[in-house]
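Worksheet for the structure shown next.
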2 protein chains.
Amino acid sequence: MICTDKNCFSPETVRRLAVYLQNFERLIKNGVDVVSSGQISKLLNVSPEQFRKDLSYFGEFGKRGVGYQTESLVYELKKILGLNQAWQVALVGVGRLGCALLNSQDFSELNVRITAAFDSDKKNIDKTVNGIHIHDIINFKKIIKQKKIRICVISVPLDHAQAVTDLAVESGIEAILNFAPVILNVPENIHVSNMDIYCELERLIFFLNK
Amino acid sequence: MICTDKNCFSPETVRRLAVYLQNFERLIKNGVDVVSSGQISKLLNVSPEQFRKDLSYFGEFGKRGVGYQTESLVYELKKILGLNQAWQVALVGVGRLGCALLNSQDFSELNVRITAAFDSDKKNIDKTVNGIHIHDIINFKKIIKQKKIRICVISVPLDHAQAVTDLAVESGIEAILNFAPVILNVPENIHVSNMDIYCELERLIFFLNK
DNA sequence: ATAACTTTGTTAATTATTTCACAAAATATA
DNA sequence: TATATTTTGTGAAATAATTAACAAAGTTAT
Ligand SMILES: NC(=O)c1ccc[n+]([C@@H]2O[C@H](COP(=O)([O-])OP(=O)(O)OC[C@H]3O[C@@H](n4cnc5c(N)ncnc54)[C@H](O)[C@@H]3O)[C@@H](O)[C@H]2O)c1
Ligand SMILES: NC(=O)c1ccc[n+]([C@@H]2O[C@H](COP(=O)([O-])OP(=O)(O)OC[C@H]3O[C@@H](n4cnc5c(N)ncnc54)[C@H](O)[C@@H]3O)[C@@H](O)[C@H]2O)c1
């Protein structure tokens with residue numbers, strides 16, 4: 001539950017909206033003009049009611065008897081998610097994972113992009129990966145303020161993650177995507193999302209044991 | 001809700017159990033012998049009641065007036081999650097991300113390990129990354145059957161992910177950890193977990209707009 | 001133009017998950 | 001030994017999220 005209204009959307013709704021956007025963009029590429037919630041349901045493993053309800057929290061985007069126009073829904077979803085403006089992202093830790101992240105950046109994805117990378121190792125500093133300059137972590141605060149960056153990806157080793165987090169918070173970062181397998185300690189107003197591959201594998205293993 | 005009982009645990013409970021395990025292992029390393037749910041709460045941003053209830057679905061592991069012994073809780077959590085046996089994992093797609101995954105394997109993590117890697121590119125086949133041999137994807141089914149592997153990580157490009165998934169399912173794989181930004185179509189009995197960095201970034205951006 | 005379909009948007013009902021509240025158990029203190 | 005303190009484990013209550021049901025709106029066929 002995100003707002004305090006009686007009838008409001010869940011954090012899961014937001015996660016699903018991002019999935020909808022991604023898939024509607026693909027539908028456009030595939031030449032699909034209009035889809036119904038029923039078709040979406042089969043494509044995305046989400047019930048048609050769920051899909052319609054998720055959208056209904058933000059407005060009326062479909063046409064009864066017809067469905068949803070892919071073009072206009074992409075526009076609306078971007079507006080809802082705040083992707084009608086460009087978002088710069090910082091990355092700290094240009095090791096194996098960090099490098100993979102930088103290299104796999106899809107430059108057709110215009111709205112969200114890692115534009116500043118940082119490392120503490122002399123071997124990496126001032127190198128360029130996929131066109132992105134690697135700065136000395138020493139200059140993190142200065143560059144974050146300068147570029148007005150609000151989001152940071154952390155891919156440093158476990159035992160440096162909290163120190164980097166503290167620096168990020170101190171520098172005005174408001175949201176963190178964390179790959180280190182540790183729960184970060186942050187002030188209440190900072191958003192953190194953890195991506196932990198081993199936890200995820202363990203979750204799958206649990207279900208295999210049933 | 002996982003079982004059909006009146007009072008049963010949620011999928012989120014399982015995800016948290018994996019986080020508890022990870023952090024209790026760390027506590028042991030740090031020489032901590034006993035912790036209370038209150039202390040855990042501060043460490044992991046989970047309410048003490050949540051922590052206690054999550055465990056209570058599986059048994060009584062604490063000592064009233066005292067707390068939880070780290071050693072014995074790790075043992076119990078491993079048993080609950082099915083990690084008291086070794087799990088072999090396959091990886092398909094040894095590109096940038098796949099390579100990072102192979103290289104970052106921590107060999108002290110004894111229970112879950114990628115032991116077979118596959119690619120379709122001649123340049124990669126029969127090479128070795130961090131001691132793991134890269135097989136031709138052609139031999140996937142044979143090797144999976146041979147090694148009795150039940151879990152597969154997919155890190156191939158978007159437009160190959162469904163084909164690899166179909167091959168995996170056909171080969172008897174029961175759980176998939178998918179990094180490609182696409183919702184995979186699988187039979188009901190196959191477990192899929194998606195890790196999508198861009199969806200996660202977009203979710204964070206949504207909350208920055210509030 | 002009307003009737004038969006299709007599909008959305010939304011309220012209400014249901015189901016799921018978390019939080020609360022407190023008894024039971026263990027320990028520490030006096 | 002008795003009392004105060006701590007902390008667990010757990011039903012009951014509260015909150016949250018999903019699903020169901022259906023009226024409203026649009027389309028297609030006759
Ligand atoms: N590689 C993966 O596939 C993978 C998967 C899951 C999780 N992770 C996690 O992601 C993190 C990174 O993994 P990796 O394999 O890329 O490690 P890595 O050792 O290859 O890279 C870490 C990088 O961080 C830099 N670094 C260290 N301390 C720093 C600091 N204080 N400030 C700035 N930079 C700093 C190092 O110089 C290095 O370049 C780890 O926490 C790991 O557990 C990685
Ligand atoms: N690199 C990242 O950090 C990152 C982050 C998020 C998501 N992803 C996703 O992970 C996937 C891989 O990304 P990447 O950057 O490593 O790509 P990549 O192109 O570097 O690597 C893909 C690898 O898959 C292999 N491959 C292709 N088709 C195959 C098939 N049918 N069978 C076996 N192997 C096959 C290729 O030969 C290549 O080695 C993509 O779907 C990407 O969107 C990557």
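Convention: sequence-line order gives letters A, B, ...; per-chain numbering from 1.
Between B/Phe51 atom CZ and D/dT8 atom P the separation is 8 Å, expressed in whole Å. Nucleotide C/dT18 holds its C1' atom 17 Å from the CZ atom of B/Arg15, rounded to whole Å. Rounded to an integer number of Å, the gap from CZ of A/Phe9 to P of D/dT19 is 19 Å. Note: CD (B/Gln69) to P (C/dA26) measures 15 Å, nearest angstrom. If you measure from atom CD of A/Gln50 to atom P of C/dT15, you get 16 Å, rounded to the nearest angstrom. Between B/Leu55 atom CG and D/dT8 atom P the separation is 10 Å, expressed in whole Å. Put simply, CG on B/Asp54 is 7 Å from P on C/dT18, counting in whole angstrom units. A straight line from CD1 of A/Ile40 to C1' of C/dT7 spans 14 Å, rounded to a whole angstrom.
No contact: B/Phe58 has no heavy atom under 4.0 Å from any strand.
Taking the six-membered ring where tryptophan is involved, the planes of B/Phe207 and A/His191 are essentially parallel, since the angle between them stays under 30° and well short of 60°.
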Q. Can you check ring-ring contact (aromatic ring centres under 6.0 Å, His included) on B/Phe24 and B/Tyr68, steps first, answer last?
A. CA-CA 10 Å; B/Phe24 270 79; B/Tyr68 300 83; 7.1 Å; no
**Q.** Chi angles and distances behind the ring-ring contact (aromatic ring centres under 6.0 Å, His included) call for A/Phe206, B/Phe9
**A.** CA-CA 13 Å; A/Phe206 175 89; B/Phe9 59 94; 5.8 Å; yes
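Mapped onto DNA chain D by nearest heavy atom, A/Ser10 and B/Phe61 fall at different nucleotides, with B/Phe61 at the one closer to the 5' end. Both B/Glu12 and B/Val66 lie close to DNA chain C; mapped to their nearest nucleotides by heavy-atom distance, the more 5′-ward contact belongs to B/Glu12. Checking A/Arg16 against A/Lys63, the closest nucleotide of DNA chain D that is more toward the 5' end is the one next to A/Arg16.
Annotation for B/Lys42: atom NZ does not count as buried by contact number, only 12 or fewer foreign heavy atoms lying within 6.0 Å.
Using a distance-only test at 3.5 Å, with no hydrogens or angles considered, no donor-acceptor pair links the side chain of B/Gln88 to the main chain of B/Ala116. The closest donor-acceptor contact from the side chain of B/Glu25 to the backbone of B/Gln22 lies at 3.5 Å or more, if one exists at all.
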List, with names and distances, any nitrogen or oxygen atoms from the protein found under 3.5 Å away from nitrogen or oxygen atoms belonging to nucleotides 10-13 of chain C.
unit_1	atom_1	unit_2	atom_2	d
C/dT10	OP1	A/Glu60	OE2	3.1

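Contact annotation: B/Ser37 side-chain N/O to D/dT7 OP1/OP2 distance is not under 4.0 Å. Taking side-chain N and O atoms only, B/Tyr57 has no distance below 4.0 Å to OP1 or OP2 of C/dT17.
Taking 4.0 Å as the cut-off between side-chain N and carboxylate O, B/Arg52 and B/Glu49 do not count as a salt-bridged pair.
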